[in-house]
Amino acid sequence: MPEEKSLNFIEEIIEQDLSSGKYERILTRFPPEPNGYLHIGHAKSICLNFGLARKYNGRTNLRFDDTNPVTEDVEYVESIKEDIRWLGFTWSNEYYSSDYFDELYLFAVKLINKGLAYVDDSPSEKIAADKGTPTEPGKENEYRNRSVEENLRLFEDMKNGKYKDGEKVLRAKIDMAHINMLMRDPIMYRIKHAHHHRTGDKWCIYPMYDFAHGQSDSIEHITHSICTLEFVPHRQLYDWFIEKLEIFPSRQYEFARLNMTYTVMSKRRLLQLVNEKFVSGWDDPRMPTLSGFRRKGYTPSSIRTFCDKIGVAKRDNLIDISLLEFCIREELNETAVRVMAVLNPVKLIIDNYDENITEELTTENLPNDPGNIRTITFSKELWIEKEDFMEVPVKKWFRLAPGQMVRLKSAYIVRCESFTKDEEGNLTEIHCTYIPESRSHNDTSNLKVKGTIHWVNAKTAATAEVRLYQRLFTVENPAAEEGDFKSFINPDSLTIIKNAFIEPHLQHAEKGAHFQFIRNGYFCIDKDSKPGALVFNRTVTLKEGFKPKSD
RNA sequence: UGUCCCAUAGUAUAAAGGUAGUACAACAGAUUUUGAUUCUGUCUGUCGAGGUUCGAAUCCUCGUGGGACAACCA
């Protein structure tokens with residue numbers, strides 16, 4: 001029985017457009033500028049645009065909004081395509097705004113002919129000053145009333161490279177006193193003698209966003225052009241150009257962009273983190289980029305689930321990152337093979353166990369699949385976590401302490417008899433005795449212990465590097481804080497453990513595999529791994545249940 | 001001292017004039033050879049004031065609060 005899911009406001013619009021017969025089929029688009037890597041905020045937009053098309057049997061174009069050659073690069077084009085595919089979506093057509101430069105030029109000429117565009121010789125400072133403020137009207141200048149013929153000639157000269165950067169612009173002739181600043185004769189074309197990653201040196205004039213985006217939507221017959229809230233004031237201009245150009249009426253709808261706690265989401269800030277080496281690159285696992293999450297071990301489906309859960313609306317939001325963590329835990333709990341790894345080791349010696357014996361034990365790979373087992377080995381000396389021993393236990397301490405017993409996962413119950421320390425007081429060895437009748441799956445001891453801890457056989461253990469990540473920032477909303485957001489970077493966001501002990505078979509694990517290191521979290525294999533020198537990334541911790549109280 | 005957008009538990013998101021619901025978070029308890037998982041329960045909400053109506057989270061007015069807008073960026 002399918003559960004009734006309510007529609008978001010965009011779905012409501014689409015269902016109305018479909019049932020009224022306005023459109024037979026919807027066409028959406030995802031329009032990134034290729035000047036950076038995609039982040040989780042883009043994932044929301046991708047899931048929305050592609051998801052809508054999928055739901056209503058429509059299509060989605062991928063269009064690179066490449067109208068500013070000085071900031072854009074093919075490196076970004078490739079990474080963006082890879083990330084969309086990885087997320088699990090397929091675009092109908094791959095387009096570029098630059099594909100439309102010829103057509104856009106003709107559109108501009110059409111507006112000049114209609115007396116709705118003019119060439120302005122003013123420097124940018126003058127244009128900005130004449131624009132007025134939100135509360136005061138702007139001023140018209142002497143170029144505004146040039147003849148159509150002169151505008152036509154000048155615009156052609158601009159195109160032909162007769163002028164230097166900044167000498168002239170083409171402006172729409174709307175209303176310098178308009179209440180909407182964007183309608184005060186917005187710039188349509190500017191001169192940039194720059195090499196474009198696709199059109200090369202063919203053009204030295206480039207359309208502005210406002211004279212490219214809506215027109216490109218229209219050329220492709222996009223029915224629903226979905227963008228973020230900051231473009232709300234642009235909609236009036238978007239519609240104005242479409243009306244005056246008399247072209248296909250695409251319509252723009254705006255939703256609230258995604259913000260997440262303990263991270264930043266703007267390309268500008270992410271670029272700073274990369275350039276100033278606060279992280280190792282765009283795919284650093286601490287980055288909120290799709291490549292960062294991928295490297296950290298997030299799956300595409302967990303991100304899609306997240307985007308589905310956060311909903312789509314028009315109010316500013318700050319989503320708790322624990323929802324994203326919930327989504328990946330929920331999935332990995334079902335799929336990740338349980339293994340044992342000791343990150344902060346101390347040696348446990350079983351005094352009454354024969355040092356010449358290596359015993360084979362079985363353990364389950366997945367808790368809800370009892371038949372799915374593997375063999376592990378056990379012997380006199382084991383590695384366990386330092387944190388699983390307390391010389392003077394706190395209240396409700398279920399792990400090891402002098403005289404206290406624990407179960408070694410899938411093995412025996414042991415009792416702590418003594419421990420040793422070095423001259424500096426650091427714990428060096430824990431001595432235990434084991435209860436032979438307490439062997440897992442064959443326990444006749446009748447002993448009940450509260451704690452079960454993980455371990456690795458010291459005789460056969462392999463080692464690996466393990467990287468633990470925590471949130472990149474110490475405050476919920478770094479971008480909203482006073483001062484430089486970088487002053488809120490968490491100094492402990494990365495912990496590298498050079499020599500963790502792992503079960504030996506993990507050395508042969510496959511690249512994309514996900515594991516749960518029992519009691520330590522979910523892990524994946526990092527791309528820095530080399531044969532014999534594995535590197536694991538912690539995708540996410542397990543939900544923390546035990547919080548020792550200070551007394 | 002302008003225009004536009006927005007306002008529902010801690011965080012998100014439903015309820016299209018008719019029982020304020022769901023998820024995450026938090027907190028309890030049960031189960032557990034992972035202090036995980038699972039299960040059960042608890043907690044907390046319609047920004048304010050008027051109005052329309054038999055009835056308002058929803059419609060209207062006025063406030064209040066938050067956000068956007070003055071790049072030859074997108």
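So that the names make sense, note that chain A is the first sequence line, chain B the second, and so on, each numbered from 1.
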Could you spell out the base pairing of RNA chain B as a dot-bracket line? Use Watson-Crick and G-U wobble contacts where both distances are under 3.5 Å, [ ] for crossing pairs, | for partners on a different strand.
.((((((..((((....[..)))).(((((.......)))))....(((((..]....))))))))))).....
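- Between B:rA20 and B:rA56, the two C1' atoms lie 12 Å apart (nearest whole Å).
- For the pair A:Ile373/A:His441, no side-chain contact is recorded, criterion being any heavy-atom separation below 4.5 Å from C-beta on.
- Atom C1' of B:rA9 sits at a distance of 30 Å from the matching atom of B:rU31, rounded to the whole Å.
- Spacing of C1' atoms, B:rU44 relative to B:rG21, comes out at 15 Å, to the nearest Å.
- The listed nucleotides are B:rA36, B:rA68, B:rU11; the one nearest the side chain of A:Asp320 is B:rU11.
- The gap from the C1' atom of B:rG65 to that of B:rU46 amounts to 16 Å, rounded to the nearest Å.
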Polar atom pairs between nucleotides 40-42 of chain B and protein, under 3.5 Å, N or O only, would you list them?
none

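- A:Arg399 comes within 4.0 angstrom of a nucleotide base, judged by non-hydrogen atoms across all strands.
- Dashed line: the shortest gap from a side-chain N or O of A:Arg190 to OP1 or OP2 of B:rA74 is under 4.0 Å.
- With C1' as the reference atom, B:rA23 and B:rA15 are 15 Å apart, rounded to whole Å.
- For A:Leu323, the side-chain atoms get nearest to B:rA23 when compared with the rest of B:rC73, B:rU34, B:rA23.
- Nucleotides B:rA57 and B:rU3 have their C1' atoms positioned 27 Å apart, rounded to a whole Å.
- Residue-level contact check: A:Pro123 touches the bases, meaning some heavy atom is under 4.0 Å from a base atom.
- Side chain of A:Phe326, nearest nucleotide from B:rC24, B:rA74, B:rC69: B:rC24.
- One finds no side-chain N or O of A:Lys139 lying less than 4.0 angstrom from the OP1 or OP2 phosphate oxygen of B:rA70.
- Residue side chain A:Tyr209 fails the stacking definition with respect to B:rA74, as its ring centre and the base's six-membered ring centre are not both under 5.5 angstrom apart and under 30 degrees in plane angle.
- Residue contacts shown for A:Leu182 are absent, as no nucleic acid heavy atom lies under 4.0 Å away.
- With contacts defined as side-chain heavy-atom distances shorter than 4.5 Å, the pair A:Leu154/A:Tyr163 qualifies.
- To the nearest whole angstrom, the two C1' atoms, one in B:rU58 and one in B:rU8, are 11 Å apart.
- Between A:Ser122 and A:Asn141, the side chains place a donor N or O and an acceptor N or O closer than 3.5 Å (distance only, hydrogens not considered).
- Annotation: B:rA12 and B:rA30 have their P atoms spaced 34 Å apart (nearest Å).
- Distances shorter than 4.0 Å separate some side-chain N or O of A:Arg519 from OP1 or OP2 on B:rG35.
- Side-chain proximity of A:Asn68 to B:rA74, B:rA36, B:rU33: nearest is B:rA74.
- Between the side chain of A:His234 and the base of B:rA74, at least one donor-acceptor pair of N or O atoms lies under 3.5 Å.
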When every nucleotide of nucleotides 13-21 of chain B is labelled 5' to 3' by its protein contacts under 4.0 Å (heavy atoms), B for base, S for sugar-phosphate only, - for none, what sequence of letters results?
BS-------
